[in-house]
Number of protein chains: 2
Amino acid sequence: MSKRPKKSLKQPPAEQSGPAFPAGLNQIPLLQILSAQDRQKVLGEMTETRYGKGQYIFREGDPTEYFHIVKEGSVKCVKSSLDGKECTLKVLMPGDLFCCDASAFDGASHPGTAQPMGDVSVLRMKKEAYFKMLRGNPDAAMEVIRYLGNRLNEAQEKAKVLALDRADQRLASLLVNLAERSGVQEPNGIRVSVRLTRQDMANMVGVTTETAIRIMARFKKERLVSGTAARLIIRDLPKLRLLAST
Amino acid sequence: MSKRPKKSLKQPPAEQSGPAFPAGLNQIPLLQILSAQDRQKVLGEMTETRYGKGQYIFREGDPTEYFHIVKEGSVKCVKSSLDGKECTLKVLMPGDLFCCDASAFDGASHPGTAQPMGDVSVLRMKKEAYFKMLRGNPDAAMEVIRYLGNRLNEAQEKAKVLALDRADQRLASLLVNLAERSGVQEPNGIRVSVRLTRQDMANMVGVTTETAIRIMARFKKERLVSGTAARLIIRDLPKLRLLAST
DNA sequence: AATAAAACATGACTATTGTCATGTTTTGAA
DNA sequence: TTCAAAACATGACAATAGTCATGTTTTATT
């Protein structure tokens, strides 16, 4: 629930366009499902763009013209209230679809803002072209349905946690999710491969930065986690899981 | 956040099966999109079932075998935590799809419980048959994609409200939604056509029953609403809207 | 290496909401 | 119509989390 930054953001140089046929895209489920030739066609219509700190991929209220896929890095989808508090709906990882946060399948404008977390690479394609492809491609359409169903479940699980759990339980849930979704096994625990400050975490679970800091400090004392944004380690996943599902 | 009822529910007689070709189904968007002959085929594979107070359509954790559509009445989708608190994810109205809450498109078991609110009538169809139909029916598949995108947006908007707003603002949001989604214009205001107790409302916005009662009492004093569950009237929609979006 | 900006930390106090207890009113079923 | 259960109501108090203020540490950049 941090205040919006006070306009002091330095705007990096304009976004740079990458090559139209980037390598290593075959592991993205939503593209994998296509036949080789359809995939080539889709890739031909996609543009890769890189974004850096302080930029926006699109903002809440912007007209929805493109459908996006994260190729590299992570992207956060954010909604803000009128008084400047903001809430991070989801951190999207490579392969995730967003438009935004994954849903201007219905609606003419983006319901949230998409911001890169560090350097990212994003693929995009005209919404209409994508729809046309889906129409002719039942497997791809079914994959999107499956994907959206999954996202809907996730979003509702999140709503449940926000509605019923205390701040420490919500943070524990977040840490468990992070460990599962982006965790890398290390000798002394599971490292979260996304860089998240206490403030980022606070925005993800609907508490203030101070509360997130205090609770994380407690978790650290109880040896459930260690490290900070640059290198966050989950040290006791079972105990966090227990706390999350009390 | 009410405690789960203490097993004192009387179980009404078993559910009764209705006719296989019920009338008045053409206004359901997800069926409307089909060609007349496909629609007949789908209806042929659907069963109508009626449920009453105290019954369950399905429960959290049950295997997902069917895809459902609400035909008449309202159905609530609920998730509970281990300590018995529960949270209502959504109230589904006629035409809404659920499986549940609208998303065992991915996943083998229901992520929530579906409960009738009063007497309801529900259509259902084997999941596999529905998927098969979607595969052969790009228009229908696109409609489902649109629908799920819409639902995802809704769910994320709800998460935002839960994360950032105070109890009174969350309740105001709920009232605004109810007025828009199920409101009937009346001489002295907008009547909410779904019967919702203060406890139902509490479960929908993540507060205790007492808090919901207190805030509704305040709203009543301020002439924003009147009446209770059986006949809830929204008297000042603009003011509620203002409070909701502060 | 110097330095400014973020990020992290902590205390004191306040606001909000939950909990528990108890009582009244309304509703629905026998 | 009666009667029990559910819904609505309210007070007193406790717990939780927010706010504001201030200070330290870490990180990134020149």
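Lettering follows sequence order; numbering is per chain, from 1.
Computed from coordinates, the B:L162 CG to D:dA17 P distance equals 15 Å when rounded to whole Å. In this structure, B:R231 places its CZ atom 19 Å from C1' of C:dG28, rounding to the nearest Å. In this structure, the CZ atom of A:F219 is 17 Å from the C1' atom of C:dA9, given to the nearest Å. What separates CZ of B:R170 from P of C:dT16 is a distance of 13 Å, to the nearest Å. The distance between atom CD of B:Q169 and atom P of C:dA15, rounded to the nearest whole Å, is 16 Å. One interatomic measurement links the two molecules: NZ of A:K85 to P of D:dA17, which rounds to 15 Å at whole-angstrom precision. Put simply, NZ on A:K53 is 8 Å from C1' on C:dA6, counting in whole angstrom units. Computed from coordinates, the B:D200 CG to C:dT27 C1' distance equals 15 Å when rounded to whole Å.
Nearest to the side-chain atoms of B:A167 among the listed nucleotides C:dT17, D:dG11, D:dA28 stands C:dT17. Distance from the side chain of A:R214 is smallest to D:dT19 among D:dT19, D:dT29, D:dT27. Looking at the side chain of A:E210, the nearest of the listed nucleotides C:dC8, D:dT10, D:dA21 is D:dA21. Nearest to the side chain of A:Q199, among C:dA7, C:dA29, C:dT17, sits C:dA7. The nucleotide whose nearest atom lies closest to any side-chain atom of B:I213 is, among C:dT17, D:dT10, D:dA7, D:dT10. Of all nucleotides listed (D:dT10, C:dT16, D:dC8), D:dC8 comes nearest to the side chain of B:R198. Listed nucleotides C:dT27, C:dA9, D:dG18 differ in distance to A:K220; the shortest reach to its side chain belongs to C:dA9. With C:dA12, C:dC8, C:dG18 as the choices, the nucleotide that has an atom nearest any side-chain atom of A:A229 turns out to be C:dC8. For A:R195, counting side-chain heavy atoms from C-beta on, the closest listed nucleotide (C:dA9, D:dT19, D:dA28) is D:dA28.
Remark: the B:R124 side chain and the B:T47 side chain contain no N/O donor-acceptor pair separated by less than 3.5 Å. Checked by atom type, the side-chain pair B:R198/B:T209 shows no donor-acceptor distance below 3.5 Å.
In this model, the phosphate group of C:dG18 is approached by a side-chain N or O of B:T211 to a distance below 4.0 Å at OP1 or OP2.
Checked by atom type and distance alone, the side chain of B:E180 never pairs as donor or acceptor with a backbone atom of B:N177 at under 3.5 Å.
A salt bridge is absent between A:E154 and A:R181; no separation between the charged side-chain nitrogens and carboxylate oxygens falls under 4.0 Å.
The aromatic rings of A:F58 and A:H110 sit parallel, their planes meeting at an angle under 30°, below the 60° perpendicular limit.
Where A:A230 and A:D168 each meet DNA chain D at their nearest nucleotide, the meeting point lying more 5' is that of A:D168.
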